[in-house]
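Below, read A as the first sequence line, B as the second, and so on, with proteins coming before strands; counting in each chain starts at 1.
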2 protein chains.
Amino acid sequence: MPHTLRQQLADLVLLGELKPGDRLDEHKLAERFGVSRTPIREAIRQLGASGLIEIRPRRSAVVRSFDRTELSEAFEAMGEIEALCAARAAVRFNESERLRLRALIATSEDITARKDRSAALEMDFEFHGLLHDGARNWMLKTVAEETRLKITPYSAALFTMESYDADLGRPHNQHAEIAEAVLVGDGDRAGALMREHIAQALISLQTFFEETAAQPDAPKAKGRT
Amino acid sequence: MPHTLRQQLADLVLLGELKPGDRLDEHKLAERFGVSRTPIREAIRQLGASGLIEIRPRRSAVVRSFDRTELSEAFEAMGEIEALCAARAAVRFNESERLRLRALIATSEDITARKDRSAALEMDFEFHGLLHDGARNWMLKTVAEETRLKITPYSAALFTMESYDADLGRPHNQHAEIAEAVLVGDGDRAGALMREHIAQALISLQTFFEETAAQPDAPKAKGRT
DNA sequence: AACATAATTTTTGTATGCAATTTACCTTTA
DNA sequence: TAAAGGTAAATTGCATACAAAAATTATGTT
């Protein structure tokens with residue numbers, strides 16, 4: 001099942017080939033995907049409306065980048081939204097979802113032990129996706145995923161760093177705790193734990209970006225030596 | 001300051017000229033706005049990504065329509081998001097915003113007395129917009145406005161109905177109560193009142209749509225007598 | 001008259017070309 | 001060497017054209 005052009009383009013950003021601040025050259029992208037500029041432009045506009053890239057009239061579109069303040073606000077907002085999903089999921093989960101969640105945590109345990117960062121990233125998406133579905137609210141799910149999408153270029157970068165190996169256990173343990181609260185039906189606790197989980201993720205992100213000097217908002221080296 | 005094409009197109013939907021379910025003919029729109037189909041298509045794609053219209057491959061795009069369940073879920077989600085904004089605004093409002101809020105409520109009082117539904121709709125937008133800003137979180141504001149945008153074709157319809165005159169006082173009073181909580185700095189109360197306010201809005205919407213039989217999800221009469 | 005099928009029109013998807021603007025590069029000057 | 005200016009190249013915005021698919025109308029059969 002071939003992805004849509006829009007998804008293929010998004011993947012360039014989501015999988016890290018294009019990083020925040022990078023320009024999107026319509027000609028080159030058209031050539032790369034073997035189509036004309038017209039469909040490329042349409043895909044770019046869509047991703048622009050999704051907030052994944054930034055569209056500036058008469059100038060190249062660029063991958064959306066956040067400064068420290070924006071990143072912190074984004075995580076604060078996401079924390080609240082994910083907390084909402086978790087709290088509702090705790091109350092509305094059905095039996096098959098409970099089974100799936102349990103299985104997910106077990107698999108995650110394994111992945112964490114093997115320090116497979118790539119699998120851990122996928123697992124992270126699945127875990128949160130399961131809670132988004134469990135909230136049984138289409139709009140809430142949409143909002144959660146749109147929010148998550150916008151910061152993905154940053155959070156995904158974390159999982160690609162070798163130095164993140166050491167901290168891989170923390171998110172897993174937090175997921176396990178949240179899952180427990182969800183399975184017990186304790187919405188308030190699940191929500192609170194989720195809020196904390198997202199807050200921790202922000203701290204990890206900030207820490208690693210400070211260390212590597214690849215900080216958000218850092219001016220891109222564009223040929224200027 | 002001329003609006004962008006995207007905004008002009010959105011206005012067709014937001015101001016009620018195009019209703020949920022209506023098709024967007026690229027040719028006619030291009031002719032209407034005096035441009036070619038290319039920029040029209042780009043605008044349509046953007047609005048599609050925003051969730052205001054629905055894009056179906058190889059078929060005309062249509063204004064997004066919600067069935068009863070979706071509408072109810074949308075309002076539930078919006079209630080939580082708006083409550084978040086209100087709760088934060090109560091704590092983070094600055095002095096000029098407090099003044100502006102007080103002035104807004106005073107004006108609203110007047111508008112309600114005059115039963116000016118059109119002005120009341122604008123006032124509604126301003127009231128909520130002020131709280132979105134007051135939350136001091138760019139992402140939260142974005143999420144709130146995107147959510148609000150999606151259901152606007154429905155909520156705006158309410159304000160255009162003559163029969164809504166009788167109920168015009170209720171939203172105003174609720175706004176006033178919320179404003180009071182915000183000005184006192186009581187975030188929890190502001191949030192709770194906001195949640196209630198949005199829930200009431202849904203009920204009004206459902207009630208009026210049932211009465212007029214112009215229910216959401218109703219199949220559009222398209223030439224078929 | 002009802003239904004199925006074929007012809008016709010409408011509408012979308014994409015490629016291509018050109019004008020307008022921005023960006024990059026190179027020269028000149030302090 | 002750094003700044004400033006001007007020219008050339010690259011890039012976006014938009015119009016137009018045409019093929020493919022969908023919607024509509026017309027036609028024929030039972």
Side-chain angles (χ1 to χ4, degrees), chain A residues 1-13 17-65 218-225, chain B residues 1-13 17-65 218-225:
Chain A
M1 164 183 170
H3 278 123
T4 65
L5 192 59
R6 180 193 168 178
Q7 188 59 50
Q8 288 183 288
L9 234 185
D11 283 343
L12 288 185
V13 179
E17 184 163 341
L18 289 172
K19 296 190 196 331
D22 285 355
R23 293 173 46 166
L24 289 99
D25 185 309
E26 297 175 0
H27 257 299
K28 287 178 185 138
L29 290 172
E31 197 168 302
R32 165 164 189 166
F33 291 114
V35 296
S36 78
R37 278 177 53 218
T38 312
I40 292 287
R41 291 196 108 232
E42 291 179 358
I44 286 181
R45 297 308 155 114
Q46 290 183 16
L47 296 180
S50 305
L52 194 62
I53 67 186
E54 186 187 343
I55 288 174
R56 312 165 301 173
R58 285 280 172 201
R59 333 256 300 281
S60 298
V62 295
V63 178
R64 179 85 165 86
S65 69
K220 286 281 149 184
K222 32 177 200 175
R224 173 168 311 211
T225 52
Chain B
M1 163 181 170
H3 278 123
T4 65
L5 191 59
R6 180 192 170 181
Q7 187 59 49
Q8 288 184 288
L9 232 185
D11 283 344
L12 288 186
V13 178
E17 183 164 341
L18 289 172
K19 296 192 196 329
D22 285 356
R23 294 173 46 166
L24 288 96
D25 185 310
E26 298 175 0
H27 256 298
K28 285 176 187 142
L29 291 172
E31 197 168 302
R32 165 162 189 167
F33 291 113
V35 295
S36 79
R37 277 177 55 219
T38 311
I40 293 287
R41 291 198 109 230
E42 291 178 358
I44 286 180
R45 297 307 155 117
Q46 290 182 323
L47 296 180
S50 305
L52 194 62
I53 67 186
E54 187 186 342
I55 287 174
R56 313 164 301 173
R58 284 278 172 203
R59 334 262 293 282
S60 299
V62 296
V63 178
R64 177 87 164 87
S65 69
K220 287 280 149 182
K222 34 176 201 175
R224 174 170 310 213
T225 53

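In this entry the distance linking CG of Leu5(A) with P of dT14(C) reads 8 Å, nearest Å. Between the CZ atom of Arg56(B) and the P atom of dT11(C) there is a distance of 13 Å, given to the nearest Å. Atoms CZ (Arg23(A)) and P (dA10(D)) sit 13 Å apart, rounded to a whole Å. The distance between atom NZ of Lys28(A) and atom P of dT12(D), rounded to the nearest whole Å, is 9 Å. Atoms CD (Glu31(A)) and P (dA10(D)) sit 13 Å apart, rounded to a whole Å. Here dT23(C) presents its C1' atom at 9 Å from CZ of Arg59(A), a figure rounded to the nearest Å. Here the C1' atom of nucleotide dA15(D) and the CD atom of Glu26(B) are 14 Å apart, to the nearest Å. One can place CG of Leu29(A) at 17 Å from P of dA10(D), the figure rounded to the nearest angstrom.
Although no hydrogens or angles enter the test, the distance criterion places a donor-acceptor pair under 3.5 Å between the side chain of Arg56(A) and the main chain of Ser60(A).
Distance check: Ile40(B) CD1 to Asp25(B) CG gives 10.0 Å after rounding to the nearest 0.5 Å.
Closest to the side chain of Ser36(B), from the set dA15(D), dT22(C), dC18(D), is dA15(D). You'll find that the side chain of Arg37(B) is closest to dT12(C), out of dT12(D), dA15(D), dT12(C).
Among the candidates Gln7(A), His3(A), Gln8(A), the single residue satisfying the side-chain contact (heavy atoms from CB on, under 4.5 Å) test with Leu5(A) is Gln8(A).
Backbone-only engagement by Leu24(B) is indicated by non-hydrogen atom pairs under 4.0 Å involving sugar-phosphate atoms exclusively.
In this structure, Ala43(A) and Arg6(A) approach most closely via the heavy-atom pair CB-CA, 3.9 Å.
Side chain Thr38(B) to base dT16(D): a donor-acceptor pair is found below 3.5 Å.
The phosphate of dT23(C) has neither OP1 nor OP2 within less than 4.0 Å of any side-chain N or O from Ser60(A).
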